[in-house]
Amino acid sequence: MRGISQKYFKADVSVEDGGAADLSQGRGPRGTWDILRSTAWPMFVGLVKVTIPLTALSFAIGLALALLVALARISPYRVLSGLARAFISVIRGTPLLLQLFIVFYGLPQIGLKFPPFTAAVVAFSLNVAGYAAEVVRSAILSVPRGQFEAAATIGFGYAQTLRRIVLPQAARTAVPPLSNTLLSLLKDTSLGSVVLLTELFRESQLAAAESNEFLALYAFAGLYYWVICVALSAGQKRLETRLNRYVIA
Amino acid sequence: MTDIRIEVTGLRKSFGELNVLRGIDFTTPRGTSTVLLGPSGSGKTTLLRSLNVLDTPDSGIVRIDDVSVDFSALPAGKAGRAEGQRLRAQSGMVFQSHNLFPHRTVLENLTEGPVVAQKRPVDEVMGEARVLLDQVGLADKADSYPYQLSGGQQQRVGIARALALKPRVVLFDEPTSALDPELVGEVLAVIKDLASQGWTTVIVTHEIRFAEKVADQVLFLDGGVIVESGPPAQVIAEPREERTQRFLRRVLDHG
Ligand SMILES: Nc1ncnc2c1ncn2[C@@H]1O[C@H](COP(=O)(O)OP(=O)(O)O)[C@@H](O)[C@H]1O
Ligand SMILES: [Mg+2]
């Protein structure tokens, strides 16, 4: 106590003021910086061990699902496109937090119980799939009909046409909106704190509840999110440049 | 093997209520050029697309070399699609708007089909593709992207891409209609070259003077049927049918 006081107040205030000051400052005179310093690491761990893997996994799985949903939505089979349409509508028409609660608390009631991280991946993947499916669908439809036909005349089947001709061109259209989806997802994983997933935001909440340093801790958590978003945006720029290399500037 | 490369019998195709092809019959001898003339909307594109099975005819028989498909008896689903694929593989298609793959280089545009669809050895395909590019005068453009080429060059790549598949016949749908007038000549020269090399071609064009020079046979299509057919010296120079005469007058006036 004496050392801390010396360091932050340039004097041993705890002795001079007697017991009164100590009582009024429940958690003692630990400075804001000190608290930040000691919580920066747990928050960083939450970011690296939960927030980022959760975002990356959910985005990858969600994107793969989105492609399937988009293809189903475009397909001439009524049942398939109807199902896809219903899925998209439900995902986009209900709150993400509610979807999270259904996977965390609802599904266990019918015997589908996952560990917390897995449950979060399930919920966020499905959510991403619902939003990205529409992006992927319109990107595929933006590829001119002549490209599909040229692929057919050189003997390509459905899968080859999609993989080698259509998707590379659709990517150009899809990257900007999908980047938005990714950034939203990164930030939305903070909702995981509500179901007690110890990701970045949950760590900042725990520290804040203990120290009452709400402004500093939440601002610091925000800084973590922001830095990752800036990095992702830079990545998007590079990807766009790469995809635009075969188009007139 | 027979000398007839393409044999079309009783070909019909409608889009909903619209009867576009109402019984088409013709044959094309091996190594000859057939020019398809006809007013806009007469079904020329639909006929070519039917040969390449981009449109599936309602009925009739199409034979190209040794593959024959009777569309009246085409099985539904997978088996039918497989038959269509087999017929399609017999012809190469050159589109009015080239439809090159913009994300692939010129060389890749040529090799994609033979390597990926036909599963032929890469080295062999590359070698052939370079020969073809040389033949259409674009040997130095192999590594360019389509957007870096002029319209005439793009269409010549389109032709080379069709040839790279080693098809039995090559189909051209108005290959110069989308081009600036000064670029038309270079594309027509390439097509004329092919004809003289013994390729069997079917060409839809409004370039009547070109048709006169290159065609062994001219078909005049109107209202979904072949109204008149024969060598250009007859169909173009001395058309018997009134509809043919009217069409030629109109086209030649504008040309
Ligand atoms: N996919 C389609 N669906 C409906 N109508 C079509 C389709 N393709 C062509 N048509 C119609 O068929 C007719 C013939 O078209 P087309 O074969 O393109 O003629 P051409 O090439 O001689 O100008 C036109 O009336 C056209 O509108
Ligand atoms: Mg046409």
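Chain letters run A, B, ... following the sequence lines, proteins first and then strands; every chain starts at 1.
In this structure, A/Y77 places its OH atom where only 12 or fewer heavy-atom neighbours from other residues, nucleotides or ligands lie under 6.0 Å away. Under a cut-off of 6.0 angstrom, the local environment of OH in A/Y105 is crowded, with over 12 non-hydrogen atoms contributed by other residues, nucleotides or ligands. No more than 12 heavy atoms of other residues, nucleotides or ligands lie within 6.0 Å of CD in A/Q109, so this atom counts as exposed by the packing criterion.
Scanning all heavy atoms of the two residues, the minimum distance from A/T153 to B/R88 falls at CA-CD, 4.1 Å. Taking every heavy atom of both residues into account, B/R161 and A/A150 meet most closely at NH2-CB, 3.6 Å. Residue A/Y246 comes nearest to B/Y147 through the heavy atom pair O-CD2, 2.8 Å, listed as atom of the first residue, atom of the second, then distance. Residue B/F101 comes nearest to A/Q147 through the heavy atom pair CD2-OE1, 3.2 Å, listed as atom of the first residue, atom of the second, then distance.
In terms of modelled atom types and a separation under 3.5 Å, the side chain of B/E112 and the main chain of A/I154 share no donor-acceptor contact.
Heavy atoms closer than 4.5 Å to chain B are found in the side chain of A/R145, but not in its backbone.
Side-chain contact between B/M93 and A/E149 is absent, with no heavy atoms from C-beta onward closer than 4.5 Å. Taking 4.5 Å as the limit, every side-chain heavy atom of A/R245 sits out of range of all side-chain heavy atoms of B/H103.
Note: A/G146 leads A/G146, A/G155, A/P168 in heavy-atom pairs under 4.5 Å with chain B.
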**Asked** When you look at A/R164 and B/R104, which way does the side chain to side chain contact (heavy atoms under 4.5 Å, CB included) test go after all the steps?
**Response** CA-CA 10 Å; A/R164 301 191 61 91; B/R104 298 272 192 241; 3.7 Å; yes
